Structure formats: C-alpha cells, structure tokens
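Input: a single structure, listed below in structure tokens.
In the text below, chain A, chain B and the rest are named by the order of the sequence lines, each starting its count at 1. Values in this document were obtained by computation on a predicted structure and should not be read as measured data. Both backbone and side-chain heavy atoms feed into the values below; hydrogens, waters and symmetry mates do not.
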There are 2 protein chains.
Amino acid sequence: MAVSEVSLVERARVTADGVTMCPQRGALEHITSRWGTLVLIALLDRSYRFGELRREIGRVSEKMLTQTLQTLERDGIVHRDAKPVIPPHVDYSLTPLGREAAEQVRALATWTAERMTAIEKAREEYDAAKG
Amino acid sequence: MAVSEVSLVERARVTADGVTMCPQRGALEHITSRWGTLVLIALLDRSYRFGELRREIGRVSEKMLTQTLQTLERDGIVHRDAKPVIPPHVDYSLTPLGREAAEQVRALATWTAERMTAIEKAREEYDAAKG
DNA sequence: CTGTATCCATTTGGATACTG
DNA sequence: CAGTATCCAAATGGATACAG
C-alpha cells in the first residue's frame with residue numbers, strides 16, 4: 001500500500017475525469033504552498049488587511065494572494081471579515097484551526113532557518129562533488 | 001519589513017537575472033513540495049530503493065521522483081547509497097538532518113488527517129454559502 | 001535497475017485593466 | 001480598497017524512449 005494511502009490515510013475520491021484524489025493531500029498542499037506558508041506565518045502575529053498583507057509578504061501578485069486567501073478560507077484556516085463600508089475594509093485572521101496549522105508551519109520555517117548553515121554546507125559539498 | 005524577511009530571516013541574494021531570492025525559502029519548498037513530503041514520510045520508516053519508493057508513493061513519474069530525490073540529497077536531507085553492482089542497486093535513506101525535517105512534516109500530515117473532518121465541513125459550508 | 005533526454009500538456013504566476 | 005477578468009509567459013509535471 002502506498003504512502004499516500006497510509007500516512008496520509010487516503011480516502012480516495014474519483015473526480016469527474018476519473019482521476020483518484022485524496023482531500024487531505026489538497027489541504028496539506030494549500031497550507032504548505034508557496035504563499036500559504038507566508039500568509040499563515042504573518043497572520044500568527046495579528047490580523048491583516050488585504051493590501052497590508054500584500055506589502056508584508058512582498059512580491060506576491062494580487063491574483064495569487066486572492067487565490068491563496070480564498071483557498072485557505074474555504075478550508076476553514078483563514079477567517080475573512082468584510083466590513084460593509086466604502087471604501088471596502090477586509091480583515092483576514094486565523095481561525096482556531098488555522099492557528100494550529102500556522103504554528104506547525106512556523107516551526108518548520110524556524111527549523112529551516114536554524115539549519116540553514118548545515119543545508120548550505122551540504123549544497124556546497126554536493127556541488128563540489130560535481131553533483 | 002516583509003514576512004519573508006522576518007520569520008524566514010531572509011538573506012537576500014541577487015541571481016543572474018537580477019531577481020532576489022532567499023535560500024531557505026528554497027529549502028523549505030523542497031521539503032514541503034508535493035513529492036518531497038511523501039518521500040520524507042516514507043523514508044521515516046526505513047530506507048527504500050528507487051523503484052520501491054516509486055511504487056510506495058504511487059502515481060509519481062520517474063522524472064519527478066528523481067528530481068525530488070536529487071534536490072533533497074543536495075540539501076543534505078536524503079542520503080543516497082549507490083552500490084556498484086549490475087544491475088544497479090541504490091538505497092535512499094534520511095540523514096540525521098532529514099529525520100528532523102521528516103518528523104515535522106509527518107506531524108503536519110498527521111494533523112491534517114486528524115482535522116480532515118473539520119476541514120471538509122468548512123469546505124461544505126463555504127460552498128453552500130455560494131463561495 | 002536506475003536513471004537521463006525529450007517532447008508535450010497542464011498549471012502556475014504575473015502584468016494590466018477594470019469594477020463595486 | 002479589495003478584488004475580478006483577461007491575456008500571456010514561464011515553470012511544472014507526465015509519458016515515452018533510451019542509456020549505462
């Protein structure tokens with residue numbers, strides 16, 4: 001039995017085009033996605049407005065930030081609070097569920113930062129050995 | 001200052017085409033990549049040979065598995081042991097560094113599996129509210 | 001058996017313009 | 001301000017064939 005069916009406890013679904021997919025692979029990928037990780041880490045501090053978050057993360061297009069936030073909102077990770085004023089004012093924050101995820105993501109990011117010296121050393125050795 | 005410059009302690013580098021990149025974003029993305037997560041979780045159990053790992057993970061092309069393994073090897077996460085026999089026999093395993101990473105990834109995957117009910121409920125509500 | 005090389009489909013991502 | 005829509009470029013991923 002494959003890893004995706006054991007450790008991730010696959011509950012297979014057959015989609016329209018007959019391809020098998022498991023829903024938690026999706027959720028995990030949303031959380032660990034390129035912008036997902038940065039959004040979660042940012043929101044761990046406080047809530048952010050859309051443009052604010054965009055500046056905070058840096059170099060993310062409106063499109064990608066919108067998409068990331070919508071996906072995480074759909075998964076119940078991020079809470080969206082749109083105030084009915086003009087001009088629009090929308091606050092994004094973590095749900096309790098999201099906070100749990102974000103803390104783990106931050107732990108992984110912190111781990112990576114701490115091990116960066118070792119990782120770069122490994123890369124140099126690999127490249128030197130003409131990898 | 002942006003998230004990518006705080007929590008991930010950005011140490012900016014300017015690449016050939018003038019784009020700024022930080023090396024740990026790279027490392028983190030290798031670890032949390034689509035196939036990276038599955039490889040790490042599998043290797044947490046025991047070492048695997050190439051084809052064995054491919055069957056274990058399921059539905060991964062040779063190209064992607066090769067690429068994933070090489071990247072993780074370069075980062076010092078995965079150890080590659082090629083025995084000089086014919087036919088070739090190559091074992092992949094986790095380095096001590098890799099084991100640390102893999103355990104965190106597994107924790108995140110386990111968390112996702114445990115919260116899957118809540119996540120799917122959130123998705124249904126979101127979709128029902130015509131998201 | 002363990003890869004590499006190539007080609008092609010799909011996906012992702014960004015720039016821009018526009019709406020409520 | 002907070003998005004949506006569109007178009008296009010680039011990266012990703014898979015299938016296949018082939019090499020050591």
Exercise for the section: For the residue pair B:Leu65 and B:Trp35, establish whether any side-chain heavy-atom pair is separated by less than 4.5 Å. Expected result: no

In whole angstroms, the gap separating P of C:dT12 from CD of B:Glu29 amounts to 14 Å

Quick note, B:Arg49 side chain, CB onward, closest among C:dG3, C:dT2, D:dG3 is C:dT2

To the nearest angstrom, the CG-C1' distance between B:Leu53 and C:dG3 comes to 14 Å

Pick out the pairs of N or O atoms, protein on one side and nucleotides 5-13 of chain D on the other, that lie under 3.5 Å.
| from | atom 1 | to | atom 2 | distance (Å) |
| --- | --- | --- | --- | --- |
| D:dG13 | N7 | B:Lys63 | NZ | 3.1 |

Comparing A:Pro88 with B:Arg54, nearest DNA chain D nucleotide closer to 5' gives the residue A:Pro88

Do A:Glu56 and A:Arg46 meet the salt-bridge criterion of a basic N to acidic O distance under 4.0 Å? no

A:His30 NE2 to C:dT11 P, in whole Å, measures 13 Å

**Item:** Non-hydrogen side-chain atoms of B:Arg54 and B:Glu62 separated by less than 4.5 Å
**Value:** yes

Separation of C:dT19 atom P from A:Ile86 atom CD1, nearest Å, is 16 Å

- Below 4.5 Å, heavy atoms only, C-beta onward: do B:Asp75 and B:Leu97 meet side chain to side chain? no

**Asked** Which part of the nucleic acid, if any, lies within contact of A:Gln70, taking any heavy atom under 4.0 Å across all strands shown: a base, the sugar-phosphate backbone alone, or nothing?
**Response** sugar-phosphate

Would you say A:Tyr92 reaches D:dG3's phosphate, i.e. side-chain N/O to OP1/OP2 under 4.0 Å?
-> yes

